[in-house]
A.B. asks: 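I have a structure I would like to understand better, so I am pasting it below and will then ask my questions one at a time.
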Amino acid sequence: MRTRPGRFTVLAAALLVATAALPAAAADGQGRQHPPSRPSSGGLTAVIRYTEYGIPHILAKDYTNLGFGTGWAQAADQVCTLADGFVTVRGERSRFFGPDAAPDGSLSSATANLSSDLYFRGVREAGTVEKLLARPAPSGPSRQVGDLMRGWAAGYNAWLAQNRVTDPACRGAAWVRPVTRVDVAARNFALAVLGGQGRAVDGITAAQPPTTTATATRAPERAPTSTAAPSGAPSSSIPSAVASPARAGVSAQNFARAARESFDGADMGSNAVAFSGATTANGRGLLLGNPHYPWQGGRRFWQSQQTIPGELNVSGGSLLGSATMSIGYNARVAWSHTVATGVTLNLHQLTLDPADPTTYLVDGSPERMTRRAVTVGVEDGTPVTRTQWWTRYGPVVTSLGAQLPLPWTTTTAYALNDPNASNLRISDTSLGFSKARSTADMLTVLKSTQGLPWVNTIAADSGGHSLFTQSQVLPRITDDLARRCSTPLGKVTYPASGVAVLDGSRGDCALGSDQDAVQPGIFGPGRMPVLRDAPYAENSNDSAWLADADRPLTGYERVFGTIGTMRSIRTRGAIDDVAAMAAKGGLTERDLTAQQFTDRAPAGDLAADDAARACAALPGGTAAGGDGGSVDVSEACRVLGAWDHTMDTSSRGALLFDRFWRRLTALVPAARLWKVPFSPADPVHTPNTLDTGAPGFATALADTVTELRSAGIALNSPLGDHQFVVRGGKRIPVPGGTESLGVWNKVEPVWDPAAGGYTEVTTGSSYIQAVGWDGGRCPVARTLLTYSQSSDPNSPHHSDQTRLFSGERWVTSRFCERDILSSPDLRVIRVGGHR
């Protein structure tokens with residue numbers, strides 16, 4: 001680490017460069033030149049060096065000023081998206097956009113603005129975020145993170161004050177307003193609870209008790225009692241209800257199945273692999289990170305480098321609104337995340353007083369729910385007031401989604417426990433990673449902060465170490481606790497999905513605490529699945545079990561994920577690929593970039609040839625469609641047989657197989673799809689052998705041919721002709737494939753045959769990084785932000801990296817000073833404003 005004089009020497013040199021460059025190069029991020037701001041005494045300032053593709057390298061003297069530069073630069077690229085998110089966390093969407101419109105889903109699962117506002121306004125009025133900010137570290141944010149948040153807000157506000165918004169999405173909009181540190185923290189809070197309260201917003205805000213005389217007359221201001229009897233005390237004479245979602249027309253088994261599907265993380269996945277020095281050409285580590293995140297809205301990444309000379313130097317991608325690096329690398333270590341299988345919430349089934357369904361029993365003693373009345377302003381209408389009901393366990397909830405009803409009856413209700421509602425530590429974890437010098441340091445950071453709510457961490461370092469760990473904030477649901485305390489519903493849901501439903505009437509069913517845990521009611525670091533220094537450590541959103549298939553991880557509780565169960569086709573394909581790479585050895589960063597764009601479809605390897613042969617054997621080359629009509633499929637047989645099993649934009653037959661596979665897997669139950677069933681003894685290669693005799697095979701084939709021909713799409717069209725996005729009125733072909741195909745380079749596009757095929761991407765490969773080291777001072781890194789840096793269609797960086805992604809090309813990292821200053825597109829500005 002440099003000495004303090006060296007630190008300020010570097011900063012001073014950069015400031016001189018900035019000053020020299022300003023008259024000709026200063027710009028506000030919208031293409032207009034302007035003089036540098038002149039901060040008054042006590043003002044904030046940062047130097048931003050822009051290189052190719054609009055990537056900012058932010059240089060500041062301390063954390064507050066670094067936050068300032070980061071907020072300023074994010075606003076320059078993403079002001080409308082950011083402003084929309086701040087409207088959300090302030091609970092003001094109904095006021096500006098109407099109560100019935102739908103949010104973009106980036107900060108919660110709310111299906112309408114009104115339910116989103118009722119939740120987030122309730123959070124604001126309860127002072128939840130302010131209370132978390134006030135906690136001393138490590139329970140609350142560190143001073144450094146607090147400074148970053150404060151600076152970020154000031155930088156965002158300074159950009160608004162100094163620049164004109166050109167993005168038509170919010171140009172001249174009244175809802176684009178200055179923000180506070182609490183607003184920035186509230187956005188972090190929303191991200192933390194995405195897997196808990198955030199997925200139940202509709203169920204929290206809609207929860208209302210059945211009407212009784214007691215609920216109609218009780219005083220709403222009365223606080224809940226805390227007169228719970230000691231554990232083991234005699235229970236009340238009021239019987240414990242055995243209510244279940246069956247009262248809403250859903251069986252426990254169907255509820256469990258829906259929970260398993262809801263919590264599988266497939267809608268927002270990721271891949272990542274770390275290779276140890278035992279597999280690489282120079283004995284140093286390698287990391288490939290490929291997170292699959294939304295391509296629109298507020299849960300996107302934004303790319304930058306953050307530098308405080310002598311203190312911090314890190315590059316990578318930040319989730320919008322974050323002041324720290326979410327995924328990234330420095331001179332010694334690189335990391336990425338994948339959405340984990342750990343279930344970040346649990347339910348407590350409440351036994352109610354039949355005379356008052358807002359009073360519940362714990363060890364026979366009554367406790368009244370806390371009533372929170374929340375009022376939301378509505379565009380051109382009367383403000384709406386709704387009541388939320390809270391318990392010692394958390395809010396009462398009447399659903400976890402449309403398929404997961406939890407009815408509130410006169411005898412039973414459900415309360416949701418989300419430990420991440422007490423977690424504002426994610427930024428400290430990210431900052432700790434940014435300063436780490438080894439994977440061992442990263443484990444230390446995870447132990448001391450425990451800030452990651454719903455992701456795994458995969459990392460490598462220049463010393464040749466690899467790491468996988470599922471270190472996330474989970475409710476402390478042990479298998480023993482679930483066995484002792486599950487309600488009848490919980491006995492079905494917990495084994496099937498990891499969602500625990502505990503008996504809330506028993507004090508001995510409390511979650512308890514681990515001594516090494518940062519907060520009560522969660523698992524401590526010692527309980528987390530960890531794999532160190534394996535030849536490879538890989539995850540594609542299945543559980544920790546097969547992070548290295550030759551070194552399976554076991555012994556963790558069911559709430560973390562499954563052991564010995566069938567893996568997704570994407571996981572199987574990924575393990576096949578990375579295990580072969582590790583066995584070959586001599587790996588370099590080029591092997592990582594090749595793996596990203598191999599675009600192999602494992603489902604095609606498993607099924608395409610069998611499908612082509614069965615197709616060719618159909619009598620007369622015809623098959624009956626879903627409407628009973630006969631369809632000539634003979635051309636499809638030839639196209640499937642000639643397909644190369646990849647999802648490159650030039651691949652012919654890829655689109656046909658993709659559409660066929662979607663139909664087939666929708667028609668044929670998983671148990672009937674394969675002739676060879678899953679075996680825990682060979683989890684990577686089973687199940688296999690397509691059962692082409694299964695009912696639905698011929699129908700799926702016929703209907704796919706009809707679909708494509710009706711849309712005027714040739715069966716052997718190159719994929720890129722019909723899988724594309726439109727930017728600036730021009731089509732940009734998109735490589736990759738959907739989840740069910742198992743493609744590493746995952747994309748989930750929208751099918752619109754009238755517009756020519758797949759016309760947009762909802763989620764998929766996002767901020768990608770391939771990182772290694774060669775013994776020098778600079779990491780060897782390639783990056784790619786698939787949807788580009790700016791959401792403003794007027795920006796030159798609205799689609800430039802999207803075109804790179806289309807051509808399977810990369811951005812070469814400019815991490816060290818000499819590389820930044822030698823950029824042919826270098827643009828240096830000094831920004832400033834008030835605290």
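For reference, positions follow the sequence shown, starting with 1.
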A.B. asks: Using a 6.0 Å distance limit plus a 45 degree cone around the ring axis, check whether Arg299 lies over the aromatic ring of Tyr293.
C.D. replies: no

A.B. asks: Passes salt bridge (Lys or Arg N to Asp or Glu O under 4.0 Å), Arg613 versus Asp609? Steps please.
C.D. replies: CA-CA 6 Å; Arg613 285 190 290 269; Asp609 291 344; 5.0 Å; no

A.B. asks: Quick check: does any side chain N or O of Ser791 sit under 3.5 Å from a backbone N or O of Gln78, one acting as donor and the other as acceptor?
C.D. replies: no

A.B. asks: Can you confirm if the NZ or CZ of Arg199 lies within 45° of the ring axis of Phe263 and under 6.0 Å from the centre of its six-membered ring?
C.D. replies: yes

A.B. asks: Would you give the length of the straight line joining atom OG of Ser540 to atom CG of Leu546, rounded to the nearest 0.5 angstrom?
C.D. replies: 11.0 Å

A.B. asks: Once side chain to side chain contact (heavy atoms under 4.5 Å, CB included) is applied, do any residues pair with Thr111, and if so which ones, sequence neighbours excluded?
C.D. replies: Asp202

A.B. asks: Counting only heavy atoms from other residues, nucleotides and ligands, does the tally under 6.0 Å from CZ of Arg590 exceed 12?
C.D. replies: no

A.B. asks: Heavy atoms only: give me the nearest Pro735-Phe805 pair and the separation to one decimal.
C.D. replies: CG-O, 3.6 Å

A.B. asks: So, for Asp591 and Met581, which heavy atoms are closest and what is the spacing to 0.1 Å?
C.D. replies: O-CE, 3.7 Å

A.B. asks: Quick test of your reading: applying salt bridge (Lys or Arg N to Asp or Glu O under 4.0 Å), list the pairs with at least one residue in residues 718-735, sequence neighbours left out, ordered by first then second residue.
C.D. replies: Arg727-Glu760

A.B. asks: Got a second to check how far Leu719's CG is from Asp658's CG, nearest 0.5 Å?
C.D. replies: 7.5 Å

A.B. asks: Is a side-chain N or O of Trp335 found less than 3.5 angstrom from the main chain of Ser326, in a donor-acceptor match?
C.D. replies: yes

A.B. asks: Restricting to non-hydrogen atoms, name the atom on Glu538 and the atom on Ile575 that form the minimum distance, rounded to 0.1 Å.
C.D. replies: OE1-CG1, 4.1 Å

A.B. asks: On a heavy-atom basis, which atom in Asn688 and which in His685 lie closest, and how many Å separate them?
C.D. replies: ND2-O, 2.8 Å

A.B. asks: Tell me yes or no: between the side chains of Tyr329 and Ser813, is some donor less than 3.5 Å from an acceptor?
C.D. replies: yes

A.B. asks: Short question: side chain of Gln74, backbone of Gly321 - any donor-acceptor pair under 3.5 Å?
C.D. replies: yes

A.B. asks: Between Phe468 and Tyr536, is the gap from one ring center to the other below 6.0 Å?
C.D. replies: no

A.B. asks: Give a yes-or-no answer on whether the side chains of Ser106 and Arg300 include a donor-acceptor pair shorter than 3.5 Å.
C.D. replies: no

A.B. asks: May I ask you to check whether Trp810 and Phe597 place their ring centres under 6.0 Å from each other?
C.D. replies: yes

A.B. asks: Any donor-acceptor pair under 3.5 Å linking the side chain of Thr692 with the backbone of Ala611?
C.D. replies: no

A.B. asks: How many angstroms lie between CG in Asp632 and CZ in Arg709, if you round to the nearest 0.5 Å?
C.D. replies: 5.5 Å

A.B. asks: Which of these, Asp542, Asn539, Asn271, Asn541, sits in a side-chain hydrogen bond (donor to acceptor under 3.5 Å, both in side chains) with Thr571?
C.D. replies: Asp542

A.B. asks: Any sub-3.5 Å donor-acceptor pair from Ser108's side-chain atoms to Ala110's backbone N or O?
C.D. replies: yes

A.B. asks: Taking Ser270 for its side chain and His292 for its backbone only, find out whether a donor-acceptor pair lies under 3.5 Å.
C.D. replies: yes

A.B. asks: Is a side-chain donor or acceptor of Arg572 paired with a backbone partner of Val684 at a separation under 3.5 angstrom?
C.D. replies: yes

A.B. asks: Would you say Gln305 and Ile55 make side-chain contact, with heavy atoms under 4.5 Å?
C.D. replies: no

A.B. asks: Restricting to non-hydrogen atoms, name the atom on Gln306 and the atom on Thr324 that form the minimum distance, rounded to 0.1 Å.
C.D. replies: OE1-CA, 4.2 Å

A.B. asks: Measure from the side-chain N and O atoms of Asn794 to the backbone N and O of Thr166, and report whether any donor-acceptor pair falls under 3.5 Å.
C.D. replies: yes

A.B. asks: Looking only at non-hydrogen atoms, find the nearest pair between Gly625 and Asp703 and report the distance.
C.D. replies: CA-OD1, 3.3 Å

A.B. asks: Among Leu701, Thr699, Leu690, Thr704, which residue meets the side-chain contact (heavy atoms from CB on, under 4.5 Å) test with Leu664?
C.D. replies: Leu690

A.B. asks: Would you say Gln296's side chain and Val761's backbone share a donor-acceptor pair under 3.5 angstrom?
C.D. replies: yes

A.B. asks: Donor-acceptor pair, distance only, cut-off 3.5 Å: does the side chain of Ser651 make one with the backbone of Thr646?
C.D. replies: yes

